[in-house]
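Remarks on the structure that follows.
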Amino acid sequence: MTARLPVIFIVGPTAVGKSAVAAALAEKINAEIISCDAMQVYREAGIVSDKPAPLLRARVAHHLIDVVSVKEEFSVARYRALAAAAVADIHARGKVPLITGGSGMYMMVLLDGIFEGAADPVVRAALETEDPAARYAELMRVDPAAAAMIKPGDTRRIVRALEVFRSTGVPISVQQKTRAGFWGQYDVRVFGLERPRAELYRRVEARVEDMFRAGLVAEVRFLLSLPLSSTGARIIGLPEIKGVLDGSYDVDRAKYLIKLHTRHYVKRQMTWFRKDKRVAWLMLGPQEAPGVTADRLVEKLKGS
RNA sequence: GCCGAGAUAGCUCAGCUGGUAGAGCGAAGGACUGAAAAUCCUUGCGUCCCCGGUUCAAUUCCGGGUCUCGGCA
């Protein structure tokens, strides 16, 4: 019986301290890091996407950071293909893939796979101009199972479900049943890092302040000058600072909004990760050094 | 000091002519299969500033008090 190859995940909310812990762990177990982040893939986005510090990236190999331009559309499917290739590559070199990040859907797609139903921009664009009520009625007619799962107000998912049905003739709820990911294929361990909510929020606010000091406004001014893709334009910080640049409000207002939207994001991240029972949680101490956390993880890895 | 306005949910405020109150924001919880740092759903008993009066009944009317804001001094 051949042992399955290892794949380790470190997930958790923004600002919990994942990057430093992952780098410390990678050095202890001969691993390379694969980013699990929907925005750090964009090469022009530096400060806004809060990428791992240059020092960390010099110490440990990081994959799936800076892989596309903000001018390009990106997607989970594309992420999954790139990540799967990176995992195979790292294994081939005898090292351990350490997947680290806070994008819940990206994690899920790696663990459990995704169904084969490519996006169809033409069908999608057509759907977006249609009447919302008629759209939902159509979904209830062609795919009642999906309609039961999707709220009438959730335009995004309704459009996607109909897009899949119209372009393939098969309901999305049927197609979604066929998928497979790393879970079962590799020896997967998933660790979640957490901190008390209040402490997490304080760290978020401090980090936003740091980002402004590091030149966030100038960077965003540059990004906004580019023909951004619809996905690249979603980074928290872009719309908020755009309001400053076009004179709608001042920098303090932008800071407030970025902090607020990041806190909301943290909350959604926690909702996502908490529901996945495969995640083994570690509560971090207020002053706990990354190396200490990494040692705790090494112990847990032995205990499997 | 005088005149005026106001004091209602963590914040900003709604509450026709009396029957113990509701929105937005925030906050908390949840969903999530090719846009996901996105998109969406759920949750509001709070001394209606205090004291007294009128009334079957007052957040709502009357009197007094306290505080806040604006104007005049």
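Protein chains get the first letters and strands the later ones, always in sequence-line order, with residue 1 at the start of each. Values below: all heavy atoms of this structure, side chains included; hydrogens, waters and symmetry mates excluded.
Separation of the P atoms belonging to U20(B) and C61(B) is 16 Å when rounded to the nearest angstrom. When the C1' atom is compared between G46(B) and A9(B), the two are found 5 Å apart, to the nearest whole Å. Comparing G18(B) with U54(B), their C1' atoms are spaced 11 Å from each other, to the whole Å. One P atom belongs to C25(B), the other to G44(B), and the distance between them is 15 Å to the nearest Å. Nucleotides A27(B) and C3(B) have their P atoms positioned 44 Å apart, rounded to a whole Å. As rounded to the nearest Å, G19(B) and G29(B) have C1' atoms that lie 36 Å from one another. A gap of 8 Å separates the C1' atoms of G15(B) and G22(B), to the nearest Å. Remark: the separation of the C1' atoms in U68(B) and C50(B) is 15 Å, to the nearest Å.
At least one side-chain nitrogen or oxygen of Tyr106(A) sits closer than 4.0 Å to the OP1 or OP2 atom of A36(B). The side chain of Arg274(A) places an N or O atom within less than 4.0 Å of a non-bridging phosphate oxygen (OP1 or OP2) of G30(B). Side-chain N/O atoms of Lys275(A) include one lying less than 4.0 angstrom from OP1 or OP2 on C32(B). Put simply, Thr155(A) has no side-chain N or O that comes within less than 4.0 Å of OP1 or OP2 on U39(B). For Ser103(A) and A37(B), the shortest distance from a side-chain N or O to OP1 or OP2 is below 4.0 Å. Remark: Lys151(A) is not in phosphate contact with A31(B), judged by side-chain N or O atoms under 4.0 Å from OP1 or OP2. The phosphate of A28(B) has OP1 or OP2 within less than 4.0 Å of a side-chain N or O from Tyr201(A). Within the structure, every side-chain polar atom (N or O) of His264(A) is placed at least 4.0 Å from both OP1 and OP2 of A28(B). Contact annotation: Arg268(A) side-chain N/O to A36(B) OP1/OP2 distance is not under 4.0 Å.
Side chain of Ala118(A), nearest nucleotide from G26(B), G34(B), A37(B): G34(B). Of the candidates G29(B), A37(B), G26(B), the closest approach to any side-chain atom of Arg197(A) belongs to G29(B). The side chain of Thr271(A) lies closest to A31(B), out of U33(B), A31(B), A36(B). Closest to the side chain of Ser49(A), from the set C32(B), A37(B), G34(B), is A37(B). Side chain of Ile236(A), nearest nucleotide from U33(B), C40(B), A37(B): A37(B). Set against C32(B), A37(B), G34(B), the side chain of Arg160(A) has G34(B) as its closest nucleotide.
Between Glu32(A) and the options Arg57(A), Arg59(A), Arg93(A), a salt bridge (charged side-chain N to carboxylate O under 4.0 Å, His left out) holds for only Arg93(A).
Distance, Leu139(A) CG to U39(B) P: 20 Å, rounded to whole Å. The CD-C1' distance, from Gln40(A) to A36(B), rounds to 15 Å in whole Å. Taking atom CZ on Phe115(A) and atom P on C32(B), their separation rounds to 15 Å, with Å as the unit. Atom pair Tyr265(A):OH and C32(B):P shows a separation of 17 Å (rounding to whole Å applied). When rounded to the nearest whole Å, the span between CZ of Arg124(A) and P of A35(B) equals 4 Å. Between the CD1 atom of Ile172(A) and the C1' atom of G34(B) there is a distance of 9 Å, rounded to whole Å. Computed from coordinates, the Arg135(A) CZ to U39(B) P distance equals 15 Å when rounded to whole Å. Atom CD in Glu128(A) sits about 12 Å away from atom C1' in U39(B), given to the nearest Å.
Counting only distance, with no hydrogens or angles, the side chain of Glu163(A) and the backbone of Asp120(A) share a donor-acceptor pair below 3.5 Å.
Within 4.0 Å (heavy atoms only), Glu116(A) reaches at least one base atom of the nucleic acid. Residue contacts for Val109(A): at a heavy-atom cut-off of 4.0 Å it reaches no nucleic acid atom on any strand shown. Nucleic acid contact for Val164(A): none, since no nucleic acid atom lies under 4.0 Å from a heavy atom of the residue. Asp112(A) comes within 4.0 angstrom of nothing in the nucleic acid, heavy atoms only. Counting any heavy atom pair closer than 4.0 Å across all strands shown, Ile150(A) reaches no nucleic acid atom.
The side-chain heavy atoms of Leu98(A) and Thr100(A), taken from C-beta on, include a pair separated by under 4.5 Å. Using a 4.5 Å heavy-atom cutoff, the side chains of Val204(A) and Val266(A) are in contact.
If you take CD on Glu288(A) and CG on Leu193(A), they are separated by 9.0 Å, rounding to the nearest 0.5 Å.
In this structure, U68(B) forms a base pair with A5(B), meeting either the Watson-Crick or the G-U wobble geometry with both donor-acceptor distances under 3.5 Å. When Watson-Crick and G-U wobble pairs are counted only if both distances are under 3.5 Å, U55(B) pairs with no nucleotide at all. Partner assigned to A31(B) is U39(B), using Watson-Crick or G-U wobble distances below 3.5 angstrom. Searching all strands for a Watson-Crick or G-U wobble partner of G24(B) with both distances below 3.5 Å returns C11(B).
The side-chain tip of Lys255(A) points at the ring of Phe212(A) from less than 6.0 angstrom away and within 45° of straight on.
Looking at Glu240(A), its side chain has no donor and acceptor atom pair within 3.5 Å of the base of A37(B).
A residue-by-residue look at Met270(A) and Gly117(A) shows that Met270(A) has its nearest nucleotide of RNA chain B further toward the 5' end. Along RNA chain B, the nucleotide nearest to Gln175(A) and the one nearest to Arg234(A) differ in position, and the one closer to the 5' end is contacted by Gln175(A).
Here the closest heavy-atom approach between residue Trp281(A) and residue Arg274(A) is recorded as CZ2-N, 3.9 Å.
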(Q) Walk me through whether Val164(A) and Gln175(A) qualify under side chain to side chain contact (heavy atoms under 4.5 Å, CB included). (A) CA-CA 9 Å; Val164(A) 168; Gln175(A) 300 195 45; 3.1 Å; yes
Show the numbers, then the answer: is there a salt bridge (Lys or Arg N to Asp or Glu O under 4.0 Å) between Asp210(A) and Arg207(A)? CA-CA 5 Å; Asp210(A) 288 344; Arg207(A) 207 186 66 186; over 6 Å; no
